[in-house]
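Below you'll find the structure, written out as structure tokens, and then a few comments.
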Protein chains: 2
Amino acid sequence: MDDATGKIGLSTAAYVVLGMVRLGARTGYEIKQMTEQSIRYFWTISPVQIYPSLTQLEASGLITGREDPQGRRPRRVYEITDAGQAALREWLGRPGPIPFELRDLGLVKLFFADALDPGQAHDVLRAVRERSEDRVAALRAVEPTARAARDRGAAYPELTLLMGIAFHQAMADLCRDFEQRYADAADGEPGSATQPLL
Amino acid sequence: MDDATGKIGLSTAAYVVLGMVRLGARTGYEIKQMTEQSIRYFWTISPVQIYPSLTQLEASGLITGREDPQGRRPRRVYEITDAGQAALREWLGRPGPIPFELRDLGLVKLFFADALDPGQAHDVLRAVRERSEDRVAALRAVEPTARAARDRGAAYPELTLLMGIAFHQAMADLCRDFEQRYADAADGEPGSATQPLL
DNA sequence: TTCGTCATGTAAGAAGTTACATGATTTC
DNA sequence: GAAATCATGTAACTTCTTACATGACGAA
């Protein structure tokens, strides 16, 4: 999976952490929060990856950390360095394949839906459509935040949000097309395969 | 990840194998081929999962296998049973959440692209767009196969193919929008974040 | 006779997630 | 004073992928 990390010994997770520090996340905890609020729909990192990444990034001089306890609660805050800015840009611009992985059980079930009778297939179609519609609604709810970020100098988060919306909207629209097309096409029995269909 | 497999002791991989047998794949090898040609863009299974699944499915009476060596080369061919048809339908219709996972390094890089100067950001945008355009072209090349399958009783594979196309087309279109919008907006320097942007 | 394909597996390793563990601070 | 949040980690467990291993058949 490290197609795009290259020779340098930083994992993708570390670059994500670096990028989040650049965007103003100061502690591991804030990085996790920010990640959940922004890129969770197309990337995830767990605390298990965040804290070692912070240590490694600091050791490499890409961020600087200092203790800033709140009362008796320990806390370490980080900032990106010039070297960190450069490393982030190098990674963002690094050529090579850009892995894209989709794992969608809904599409799998739709793929096999010919095994069902029309009524049941319709139910699968509706379930997948409603899932995408819910996702669209969830993403639209974040739009104001993305617009606010754009007005403060970060325009690209809004683009990735719009892509998520367009993506799921396209799936929902196609589901609806199929639902209508096969609404009254009560063919009756599910297809039986006596010879390979694919 | 087994949110949707439920109490019964079959993994998602086993149901996929079952579905592929129903669609006419007779051996483990053919299942792998068919999987590569059809659902690989939204699901993957490796031979390591296929062969144990076949054993398990046969032990459960959902498929029947018989030896059918070609010359001295061993070979075991399978067929789905009525119980297998029922199990597949039960799984396809099983209610509950439908996991959807996207992991896209392209979106991650776009998300952080404000750290780049406009020219470099444009390059990232173009790289992501070209990737999606390539994917659209690859999927369109499979359309005749999907249409042929539809005419022989399997209409849903075409739907999942159309979804893949629509999905990537939407991403490519949005990239192009942004490329044009920021084509001459040479703001100059990359955004610097002195306070949290998100 | 050599290469590509058919066919079925095993073993080791990388990667990531879940659950656990701790404890302070703030809010109700 | 109870619950939610802040904050940082560890250990165990899955899960998946990669590489390896074997060997026959068909075509060039």
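In what follows, chains carry the letters A, B, and so on, assigned in the order in which the sequence lines appear, proteins first and then strands, with residues in each chain numbered from 1.
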Which class fits the ring pair A:Trp91 and A:Tyr15: parallel under 30°, tilted 30 to 60°, perpendicular over 60°? parallel
Output the rounded distance in Å from [atom1] ([X]) to [atom2] ([N]).
X        : N      : atom1 : atom2 : value
A:Glu36  : D:dT5  : CD    : P     : 14 Å
B:Gln33  : C:dG4  : CD    : P     : 16 Å
A:Ile45  : C:dA15 : CD1   : P     : 16 Å
B:Glu101 : D:dT15 : CD    : C1'   : 11 Å
A:Met34  : D:dA7  : CE    : C1'   : 16 Å
A:Glu30  : D:dC6  : CD    : C1'   : 10 Å
B:Lys32  : C:dC6  : NZ    : C1'   : 11 Å
A:Arg103 : C:dT17 : CZ    : P     : 13 Å

Residues in side-chain contact (heavy atoms from CB on, under 4.5 Å) contact with [X], at least two apart in sequence or another chain:
X       : result
B:Arg40 : B:Glu36
B:Pro47 : B:Lys32, B:Tyr51
B:Ser46 : B:Val48, B:Gln49

Scan the side chains in residues 61-72 of chain B for donor-acceptor partners under 3.5 Å anywhere in the protein, sequence neighbours excluded, and list what turns up.
unit_1: B:Glu67; atom_1: OE2; unit_2: B:Arg76; atom_2: NH1; d: 2.7
unit_1: B:Asp68; atom_1: OD2; unit_2: B:Arg75; atom_2: NH1; d: 3.0
unit_1: B:Gln70; atom_1: NE2; unit_2: B:Asp68; atom_2: O; d: 3.4

Given C:dT5, D:dT18, D:dA7, identify the nucleotide with an atom nearest to the side chain of A:Tyr29. D:dA7
Counting heavy atoms from C-beta on, name the nucleotide in D:dA7, C:dT8, D:dT18 closest to the side chain of B:Val48. D:dT18
With respect to the phosphate group of [N], does any side-chain polar atom (N or O) of [X] fall under 4.0 Å of OP1 or OP2?
X       : N      : answer
B:Thr44 : D:dC16 : no
B:Tyr51 : C:dT8  : yes
A:Gln49 : C:dG16 : yes

Test of understanding: with salt bridge (charged side-chain N to carboxylate O under 4.0 Å, His left out), list the residues that count as partners of B:Asp177, not counting sequence neighbours. none
What pairs with A:Arg150 under salt bridge (charged side-chain N to carboxylate O under 4.0 Å, His left out), at least two apart in sequence or on another chain? A:Glu158
Applying ring pair (Phe, Tyr, Trp, His ring centres under 6.0 Å), name anything that partners B:Phe100, two or more places apart in sequence or on another chain. A:Phe167, A:His168
Among all residues two or more places apart in sequence or in another chain, which pass the ring pair (Phe, Tyr, Trp, His ring centres under 6.0 Å) test with A:Phe112? none
What verdict does the salt bridge (Lys or Arg N to Asp or Glu O under 4.0 Å) test give for A:Arg176 and A:Glu179, after you've listed the backbone C-alpha separation in whole Å, the side-chain angles of each residue and the deciding distance to 0.1 Å? CA-CA 5 Å; A:Arg176 197 175 283 281; A:Glu179 286 176 77; 5.7 Å; no
For the pair A:Asp123 and A:Arg126, find out whether any cationic side-chain nitrogen is under 4.0 Å from an anionic carboxylate oxygen. yes
Using a 4.0 Å cut-off on heavy atoms, which residues in residues 55-65 of chain A reach DNA chain D? List them by number, or say none. none
Toss me the dot-bracket line for DNA chain C: Watson-Crick and G-U wobble, both under 3.5 Å, 5' to 3', using | for pairs to another strand and [ ] for crossers. ||||||||||||||||||||||||||||
Using side-chain hydrogen bond (donor to acceptor under 3.5 Å, both in side chains) as the criterion, list what pairs up with B:Arg73, not counting sequence neighbours. none
Positions of residues 66-79 of chain A (non-hydrogen atom under 4.0 Å from DNA chain C), listed by number: A:Gln70, A:Gly71, A:Arg72, A:Arg73
Assign A:Thr27 to base, sugar-phosphate, or nothing according to its heavy-atom contacts below 4.0 angstrom with the strands shown. sugar-phosphate
